[in-house]
Amino acid sequence: MYPYDFQKLESKWQKAWDDQQTFKVGSIKEGTLDPSKPKYYVLDMFPYPSGKGLHVGHPLGYIATDIVARYKRMCGFNVLHPMGFDAFGLPAEQFAIETGTHPAITTDQNIDNMRNQLRACGLSYDWSREIKTTDPSYYKWTQWIFIKLYNSWFDEIDQKAKPIEKLIQSYENDEYRIDPKGNRIAKSDVGFQHAKKWKTFSSQEQEAILSKDRLAFLDDVTVNWCPGLGTVLANEEVTADGRSERGNYPVFKKPLKQWMLRITKYADRLEKDLKDVDWPEAVKQMQTNWIGKSEGAIVQFSLERNKEEKVSVFTTRPDTLFGCTFMVLAPEHPLVDHLVTDEQRQAVFAFREKMAAKSDVERQSDQKAKEGVFTGSYAVHPTMPDRRVPIWIADYVLMGYGFGAVMAVPAHDQRDFDFAKKHLLKIRAVVEPHPKFLKEHALSLMEYLEDPGALDVAYEGEGVSAQSDNLEIDFNGVTTNRAKEKMIEYLEKKEIGQKKIQYKLRDWLFSRQRYWGEPFPVLHGSGGSIQVVQEKDLPVILPEMEDFKPTALNDENASPQPSLGRAKEDWKEVTIDGNSYIRELNTMPQWAGSCWYYLRFTDPTNKNTFADEKEENYWMGNNGVDLYVGGVEHAVLHLLYARFWHKVLFDLGFVSTNEPFGKLFNQGYIQAYSYQDDRGMYVPAFDVQEEEDGTFTYEGQKVTRQLGKMGKSLKNSISPDEVIDMFGCDTFRLFEMYLGPIEQSKTWDTEAIVGVHRFLQRAWRNFVDEESGELLIVDTKMDDKLSLIVNKTIAMATKDMNEMKFNTAIAHLIQLNNLFVSMDKIPLEAARAFVLMLNPLAPHMAEELWQKLGYKESIAYASWPKADQNILSQDKVQVVVQINGKRRANLEVDGSATQEDIELLAKQDENVKKHLEGVTVVKTIYVPKKLVNYVVKP
RNA sequence: UCCGGGGUGGCGAAAUUGGUAGACGCACAGGACUUAAAAUCCUGAGGGGUGAACAACUCCGUGUCGGUUCGAGUCCGACCCUCGGUACCA
């Protein structure tokens, strides 16, 4: 008996791949890789080794990349297909806390477990290149890159990062000076003559000046403090409703001194360069929105009581400046203390306190309330000096965007409008609305311009300016876009404003108070001086700690405290040349390690550099990573951060491409049904019965069903191991791909697996007589019909493989296989083509059949079959005969048939004849090899 | 609110990008094999109508309504539902 024994076969081949190191990739340095061959770098977003193990949703992307990797090998590429583990960060530490074991131990256990699960999926990784971000030999280079960031600045003129020494040189050469406000100004800027020279500053002052340009810097900022996680979080890690993305805990705003990375300097390039990458439109859109570019102007308002004092605002509608009737500052705006009058002091302070006490969640729910108080002070209107502009504070103005202050134009901004209505402030119309708008509100233009406050909405659209003139300028009748330009010209001429591009993107808050992360390579000296660790002293090893729990867990009033504060003194304190330093006690966030791991894979064990230049050049050259597959959830986190680091490394000359990931592909989620009983408790999905009336029961009780994520807590999780045990890994791989397009979300349905399993069994029986073990292959030529079908299948499967449409590629193989069923023996050529095409999808069976066909070498590097164009062109074509666009007959004709041939045949067809009776053909449409359509009239 | 994706049989889906809608698979039904079941194999099937007919023909069908076209799942306009992203961004 020679049945299809997948358990035996699959372990046989997995062992063979291991023993023969089938998928090990050579290295250029060592001369074991031929760099004249084209390369293909196909990468998965590496996983967090969580304690829960994988469910069937996780390998979806891994299987897809594996198919691509195997296909590309067969097409003659050198393929880099590595895997590693993103092991620092909250999930690992949370799991360690839950189990009471040190994260170093649990992480390694989880990695072992996950690696086994991945191996069981028959993935052709080069495991010799495995990396984990928690390995000191890896995070040494994460720290090294941090030092590069610290020692770099962004030159706005060249739009690129440069070593900080260049900036110091420029200062020393007196190309830059510091103006009275503390800003760096260049020779060509106004005011350079009166600005202070570099030499006049103390070294401490010089360091403070430099820190304003360093790409990594310490700053006092308003942070997202998440007591539930015991750490602060980046903006990208906080969800829309003011909760932590991980764990869904509430987040509070708090001022704190933290490490920041100056990602905002790259806002423009991060946005613009998206056009150069082949990424899903959705992800590009998300990044574009997140970066949030908007064009407008800075406008300066003088204070009434002292014209020398100014408040700056950003506006996208400088054309509406004449309509500004008040100003609003964010409650935490630094000028508020200064502006508030004695009468208003009490009210302002009370308001501020009330706002500060709110969590982000509460702020969300109080949205649109438009609460605020008057500071008591007035500004002067920049174009109408006799107009007083009261200054208010309100929490609808956010400190983090623009200048934390707005000029309110209530007639043409809904938020300002609501605020004006609530607090009885003036509303002045300065744009003539579209006639449609007036009609909708049954107003004449005169009536609207007279009293725009009569409506309950602002007119935010474009139009022509009105009531916008003073002694110097007159914008009346000018269209919005033109008026914007003219106003900016005017503001610049009067030196009270200028053009400005504003981004929503904020700098990246880079420190965390948790234990399980990369230590900063930073030393704090006396008097607040900062020094980075010398390269030769890297890595700064994360110290062993017994108690690694976050310090201020679940205490929203406490201030965040780094866990490393409880490390032993001999770690915390460092003496260099007789000076003592304290180590930085914060750790880097989860995302640090994943910002550059794809570079390390090109040369994972290098001790002298993060990756050898030759290896980096070869694998990353051209297009960066050729195919990067992962979930869409990283659209504005990992993918934005990694692009940022990569661009800095590119500017500094360490990498060869401007973008890290040439092509990105998002796989969909696998969803599953979960079931709840009437108390809302989840019941094991596996044991739920479907009743005839379409309802569901568990142990006789009615339960409700919903579609969603797979998870242990939902009791609907299925692990790949279970499926592989039952059906084998080839079946599992085929099934996941056959569910539908990879980028789509799909519902798991265990019952449907038998379909592809049957396909494999049938294929086996087509090749092997199960009774005798005899190979059912015959070494004869294929007949024309079979040859045509085989070549067609090759053509279609090749196209599908190139487009990553594995579901239809499988369908074509099933069809070919179904044809084999009707044959006693399969011609060798057809069998070969089938096995070769099967290989990327179901590699174990393909290897076994390949061996049975007599080949000694692994099929992994055999050539993908080519379709014979000559044979394809001999194909008969199906031509449709339509009458008035309705199909009346099908004809099968030679590919060479002319229109005359086809029409002759068509007119012989009974059904066509019938429909052409008693009518006249007014037009004939002929599409070669496709159809004839007669347009007829009675 | 704005932005993006998606609505096709009982279900997952396919459709050469404007040219026979539903390939392939699941589930289902009937049959073969079997003491029986499983496995396997064969056959059927979008919905309706005219047929004695498993012949043949025919009408309707891709979220809704309208349009362009000889011809629309595919293009255009309006709308509905759904899934993501965003969160007062001045």
Side-chain angles (χ1 to χ4, degrees), chain A residues 3 239-242 280-290 292-294 296 313-317 320 328 360 363-364 366-370 394-398 400-409 412-416 418-419 502-506 632-633 635-636 666 668-669 671 694 734-735 738-741 743-749 751-756 758-759 761-762 765 770 795-796 799 805 807-815 818 821 878-890 910-911 914 922-925 927 929-936:
Chain A
T239 60
D241 52 355
E281 221 28 66
V283 175
K284 287 192 184 186
Q285 199 81 43
M286 277 189 238
Q287 290 212 350
T288 304
N289 289 344
W290 189 261
K293 180 179 181 171
S294 48
V313 301
F314 172 73
T315 177
T316 51
R317 291 294 299 271
T320 63
V328 188
D360 279 13
R363 281 195 189 214
Q364 296 292 336
D366 295 352
Q367 232 182 64
K368 314 267 145 105
K370 295 288 178 296
D395 87 336
Y396 83 90
V397 176
L398 310 170
Y401 184 74
F403 297 90
V406 301
M407 64 174 221
V409 183
H412 305 297
D413 182 287
Q414 191 61 42
R415 295 155 304 179
D416 297 343
D418 294 341
F419 194 79
Q502 183 67 45
Y503 298 94
K504 279 197 241 180
L505 185 70
R506 316 283 158 85
V632 71
E633 69 274 15
V636 288
N666 292 126
Y669 298 105
Q671 299 184 300
L734 280 175
F735 180 63
Y738 197 58
L739 279 171
E743 65 272 23
Q744 237 169 64
S745 283
K746 41 216 132 194
T747 312
W748 182 261
D749 176 14
E751 280 195 9
I753 296 177
V754 292
V756 282
R758 277 178 199 151
F759 159 62
Q761 287 177 311
R762 213 171 288 159
R765 280 196 306 271
E770 289 194 296
M796 291 189 288
K799 189 164 182 291
K805 291 178 166 181
N807 54 334
T808 48
I810 294 167
H812 295 133
L813 289 183
I814 290 176
Q815 265 174 309
N818 287 347
V821 171
Q878 298 279 323
V879 174
V880 180
V881 185
Q882 296 182 337
I883 288 157
N884 281 350
K886 286 208 158 74
R887 184 182 62 88
R888 296 302 171 193
N890 292 345
E910 288 302 320
N911 204 31
K914 200 174 88 190
V922 291
K923 200 172 168 188
T924 304
I925 286 137
V927 183
K929 299 186 180 187
K930 289 233 167 86
L931 64 75
V932 183
N933 186 15
Y934 294 112
V935 185
V936 299

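Source: prediction; values computed, not measured.
You'll find a donor-acceptor pair under 3.5 Å spanning the side chain of A/Asn890 and the base of B/U20, going by distance alone. Judged by distance alone with a 3.5 Å cut-off, no donor-acceptor contact links the side chain of A/Tyr503 to the base of B/C89. A donor N or O paired with an acceptor N or O is found under 3.5 Å between the base of B/G19 and the side-chain atoms of A/Gln882. A donor-acceptor contact under 3.5 Å is formed by the side chain of A/Arg506 with the base of B/C89.
A/Pro280 comes within 4.0 angstrom of nothing in the nucleic acid, heavy atoms only. At a threshold of 4.0 angstrom between heavy atoms, the contacts of A/Val406 include nucleobase atoms, whether or not backbone atoms are also involved. In this structure, A/Ile814 reaches the sugar-phosphate backbone alone: every heavy-atom distance under 4.0 Å involves primed, P, OP1 or OP2 atoms, never a base. Nucleic acid contact for A/Val754: sugar-phosphate only, since backbone atoms but no base atoms lie under 4.0 Å from a heavy atom of the residue. Heavy atoms of A/Leu931 sit under 4.0 angstrom from at least one base atom. If you check every strand for non-hydrogen atoms under 4.0 Å, A/Gln285 touches sugar and phosphate atoms only. Here A/Ala811 lies in heavy-atom contact (under 4.0 Å) with a base. Within 4.0 Å of A/Lys504, counting heavy atoms only, lies at least one base atom of the nucleic acid. Within the nucleic acid shown, A/Asp416 has no heavy atom closer than 4.0 Å to any nucleic acid atom. Looking at heavy-atom distances under 4.0 Å, A/Lys799 makes no contact with the nucleic acid at all. Among the protein residues, A/Thr288 comes within range of no part of the nucleic acid, since none of its heavy atoms lies under 4.0 Å from any strand.
Residue A/Lys746 has no polar side-chain atom (N or O) positioned under 4.0 Å from OP1 or OP2 of B/G12. The side chain of A/Asn666 places no N or O atom within less than 4.0 Å of a non-bridging phosphate oxygen (OP1 or OP2) of B/G5. Between A/Ser294 and B/A90 there is a side-chain N or O to OP1 or OP2 distance below 4.0 Å. Note on A/Asn807: a side-chain N or O is less than 4.0 Å away from OP1 or OP2 of B/A14. The phosphate of B/U20 (OP1 or OP2) has no side-chain N or O of A/Arg888 nearer than 4.0 angstrom. For the OP1/OP2 pair of B/A13 and a distance below 4.0 Å, the side-chain nitrogens and oxygens of A/Gln744 include at least one atom meeting the criterion. When the side-chain nitrogen and oxygen atoms of A/Tyr738 are compared with OP1 and OP2 of B/G25, none of them lie within a distance under 4.0 Å. Between A/Asn818 and the phosphate of B/G25, there is a side-chain N or O to OP1/OP2 separation shorter than 4.0 Å.
Put simply, CG on A/Asn884 is 16 Å from C1' on B/A72, counting in whole angstrom units. Taking atom CZ on A/Arg887 and atom P on B/A56, their separation rounds to 12 Å, with Å as the unit. Atom C1' of nucleotide B/G85 and atom CD of A/Glu281 are separated by 14 Å, given to the nearest angstrom. For the pair A/Leu398 CG and B/U86 P, the computed distance is 16 Å after rounding to whole Å. Per the geometry, OH belonging to A/Tyr669 stands 11 Å off C1' belonging to B/G85, to the nearest Å. The NZ-P distance, from A/Lys886 to B/U20, rounds to 15 Å in whole Å. Per the geometry, CD belonging to A/Gln414 stands 15 Å off P belonging to B/A90, to the nearest Å. Atom CD of A/Glu751 is separated from atom P of B/A13 by 17 Å (rounded to the nearest Å).
Taking the side chain of A/Lys805 as heavy atoms from C-beta on, and the options B/C88, B/A14, B/A15, the nearest nucleotide is B/A15. Of all nucleotides listed (B/G19, B/A14, B/C26), B/C26 comes nearest to the side chain of A/Arg758. Distance from the side chain of A/Asn933 is smallest for B/C70 among the nucleotides B/G85, B/C70, B/C57. When the nucleotides B/C88, B/G25, B/A27 are ranked by their closest atom to the side chain of A/Lys370, B/C88 comes out on top. Comparing B/G25, B/C3, B/A14 by their closest approach to the side chain of A/Asn289 singles out B/C3. Residue A/Val880 has its side chain nearest to B/U20 when only B/C70, B/C88, B/U20 are considered. Distances were taken from every side-chain heavy atom of A/Arg765 (C-beta onward) to each of B/G25, B/C88, B/C41; the shortest belongs to B/C41. For A/Trp290, the listed nucleotide lying nearest its side chain is B/U86; candidates were B/U86, B/G19, B/A13.
Nucleotides B/A14 and B/G22 place their C1' atoms 7 Å apart, quoted to the nearest Å. On the P atoms, B/G18 is 11 Å away from B/U74, given to the nearest whole Å. Nucleotides B/G9 and B/G5, compared at atom P, are 22 Å apart to the nearest Å. B/G47 and B/A29 are spaced 16 Å apart, taking the P atom of each and rounding to whole Å.
When both pairing distances are held under 3.5 Å, B/C28 makes a Watson-Crick or G-U pair with B/G44. Of all nucleotides present, only B/C65 satisfies the Watson-Crick or G-U wobble test against B/G77, with each distance under 3.5 Å. Pair check for B/A56 finds B/U50; Watson-Crick or G-U wobble, both atom distances under 3.5 Å. Across all strands shown, the partner of B/G4 is B/C83, judged by Watson-Crick or G-U wobble contacts whose two distances both fall under 3.5 Å.
Looking at heavy atoms from C-beta onward, A/Val936 lies out of side-chain contact with A/Val922 at the 4.5 angstrom threshold. Two residues are said to be in side-chain contact when any heavy atoms from C-beta on lie closer than 4.5 Å; A/Gln287 and A/Lys284 fail this criterion.
Glycosidic torsion of B/G9 falls within 90° of 0, placing the base in syn. Glycosidic conformation of B/U17: syn, with the torsion inside 90° of 0. A syn orientation is assigned to B/G51, its glycosidic angle lying within 90° of 0.
How far CD of A/Gln815 is from CE of A/Met796: 6.5 Å, rounded to the nearest 0.5 Å. Rounding to the nearest 0.5 angstrom, the gap separating the CZ atom in A/Arg415 from the CG atom in A/Asp418 is 10.0 Å.
Between the side chain of A/Lys799 and the main chain of A/Lys805, no donor-acceptor pair closer than 3.5 Å is present. Panel note: side chain A/Asp413, backbone A/Ala408; no donor-acceptor pair is recorded below 3.5 Å.
Between A/Tyr396 and A/Phe419, the angle of the ring planes lies from 30° to 60°, which puts this pair in the tilted group.
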- Just do the side-chain contact (heavy atoms from CB on, under 4.5 Å) check on A/Asn818 and A/Arg762 with the steps written out, would you? CA-CA 8 Å; A/Asn818 287 347; A/Arg762 213 171 288 159; 3.1 Å; yes
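Heavy-atom distances to RNA chain B give each of A/Gly402 and A/Val632 a nearest nucleotide, and the one nearer the 5′ end belongs to A/Val632. Mapped onto RNA chain B by nearest heavy atom, A/Ala752 and A/Gln761 fall at different nucleotides, with A/Ala752 at the one closer to the 5' end.
In terms of heavy-atom proximity, A/Phe314 sits nearest to A/Phe403 at N-CD1, 3.7 Å.
Here A/Ala811 pairs with A/Tyr738 under the side-chain contact (heavy atoms from CB on, under 4.5 Å) rule; sequence neighbours left out.
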